[in-house]
A.B. asks: 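Before anything else, here's the structure in question.
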Amino acid sequence: MRFHDKIVLLTGAATGLGRATSELLASEGARLFLVDRAAEALQSLVASLSASGCQAQGIVGDASHQDTVDAAVAAAMRPTGRIDILINNAGINPTGTVVDTDAAQWASTIDVNLKSAYLFSHSVIPLMVKQGGGVIVNTASIAGQRASTAEAAYAVSKAAIIMLSRTTARDFAGQGIRCNALCPGVLETVMADRRTRMSADDVAKRSAKAAALVPMGRLGRYDEVAKCLAFLASDDASYVNGAQLTVDGALTA
Ligand SMILES: NC(=O)c1ccc[n+]([C@@H]2O[C@H](COP(=O)([O-])OP(=O)(O)OC[C@H]3O[C@@H](n4cnc5c(N)ncnc54)[C@H](O)[C@@H]3O)[C@@H](O)[C@H]2O)c1
């Protein structure tokens, strides 16, 4: 039970990696405060965790808005006055080169993928300093490590969150805070926002094409990537700080 009674605040919890991570941490005793703007999916996750005896509360809202941050931090602090682990995982995955990304799409991508992590870190780190330490994991991507095609805003946001993780690690290591970036490769489903713009057939074709490029011959499963995220969040990673953990089946090796 690596997370027994640990207070965990996690954004982008309702589906995909956030959901798999929530289920794993809950099974290891965490008390979860889960943020997502997808109200129905979040409520269904909280209901299923609660039905299996886990402690979870949902906070519905946009993770890039200060009022959501304030509500989530207040809820998470209520039981013990602590927040032990912050996981900034909310993300969207728009497509487009720098030319065909309009200013609104550019801004919303940076807001959701980067500003949300800034806002949560900005609010939670002073509390972690006061309580004597804490752990932050930021979900980045291999898209932030090397250029991908026609994902300009996404890739820039992920490169920036890697650097946010590294600067946070340096700035607060002396106060007992660890901060790392998780960099998944191509995972089993395309992200929820992109699914709304693609037919099921196109999703399947895109997944098969991506899997063929991976030396391991398959896409990453959410459950196996969640284990890597949990490692970074746990005391097993007690000397891992400012790192990028790439989990991509050797795609970028
Ligand atoms: N799926 C992949 O292939 C892949 C690869 C590398 C990195 N990632 C990263 O992993 C993380 C999780 O992605 P996923 O694959 O689980 O995708 P997903 O779309 O299933 O999950 C993202 C979650 O974030 C939520 N969300 C989006 N915008 C939000 C906002 N403004 N406020 C609150 N919640 C918001 C969504 O509702 C969703 O539940 C993301 O940061 C993503 O960039 C995914």
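Start at 1 and go down the list; that is how both ligands and their atoms are numbered. Everything quoted here is computed from the prediction, not taken from an experiment.
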A.B. asks: Which atoms of ligand 1 have any heavy atom of Gly16 under 4.0 Å away?
C.D. replies: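 Atoms satisfying the 4.0 Å criterion: 16 (O), 20 (O).
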A.B. asks: What do you reckon, does Asp36 have a nitrogen or oxygen under 3.5 Å from a nitrogen or oxygen of ligand 1?
C.D. replies: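 Yes: some nitrogen or oxygen of Asp36 is under 3.5 Å from one in ligand 1.
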A.B. asks: Contact between Arg146 and Leu251 at the side-chain level, heavy atoms closer than 4.5 Å - yes or no?
C.D. replies: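 A side-chain contact under 4.5 Å exists here.
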A.B. asks: Judging by distance only, is a nitrogen or oxygen of Ala13 under 3.5 angstrom from one on ligand 1?
C.D. replies: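 Not met; the criterion fails.
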A.B. asks: Just how far is it from atom CD1 of Ile85 to atom CD1 of Ile7, taken to the nearest 0.5 Å?
C.D. replies: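 Result: 10.0 Å between the selected atoms.
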A.B. asks: Under 3.5 Å, side chain of Arg195 to main-chain N/O of Val190, donor-acceptor pair present?
C.D. replies: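 Checked: pair present.
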A.B. asks: Is the closest heavy-atom distance from Thr189 to ligand 1 below 4.0 Å?
C.D. replies: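 Yes.
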A.B. asks: Would you kindly say whether Asn113 and Ser157 are connected by a side-chain donor-acceptor distance under 3.5 Å?
C.D. replies: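 Ser157 and Asn113 do have a side-chain donor-acceptor pair below 3.5 Å.
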A.B. asks: Got an N/O contact under 3.5 Å between Gly18 and ligand 1?
C.D. replies: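 Among all N and O atoms of Gly18, none is under 3.5 Å from an N or O of ligand 1.
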A.B. asks: Ligand 1 versus Val112, non-hydrogen atoms closer than 4.0 Å: side chain, backbone, both, neither?
C.D. replies: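 Just the side chain.
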A.B. asks: Arg37 to ligand 1: N or O pair under 3.5 Å?
C.D. replies: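 Indeed, backbone or side chain, Arg37 has an N or O that close.
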A.B. asks: Using a plain distance cutoff, I'd like to know if Asp62 has any nitrogen or oxygen under 3.5 Å from a nitrogen or oxygen of ligand 1.
C.D. replies: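 N/O-N/O distance below 3.5 Å exists for this pair.
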A.B. asks: Please report whether ligand 1 has a polar contact with Ala63, defined as an N or O pair separated by less than 3.5 Å (distance criterion only).
C.D. replies: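 Yes: some nitrogen or oxygen of Ala63 is under 3.5 Å from one in ligand 1.
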A.B. asks: Does ligand 1 have any atom sitting under 4.0 Å from a heavy atom of Gly220?
C.D. replies: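 It does not; every heavy atom stays at 4.0 Å or beyond.
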A.B. asks: Looking only at heavy atoms, is any part of Lys158 under 4.0 Å from ligand 1, and if so is it the side chain, the backbone, or both, or is it neither?
C.D. replies: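 Side chain only; the backbone of Lys158 stays clear of ligand 1.
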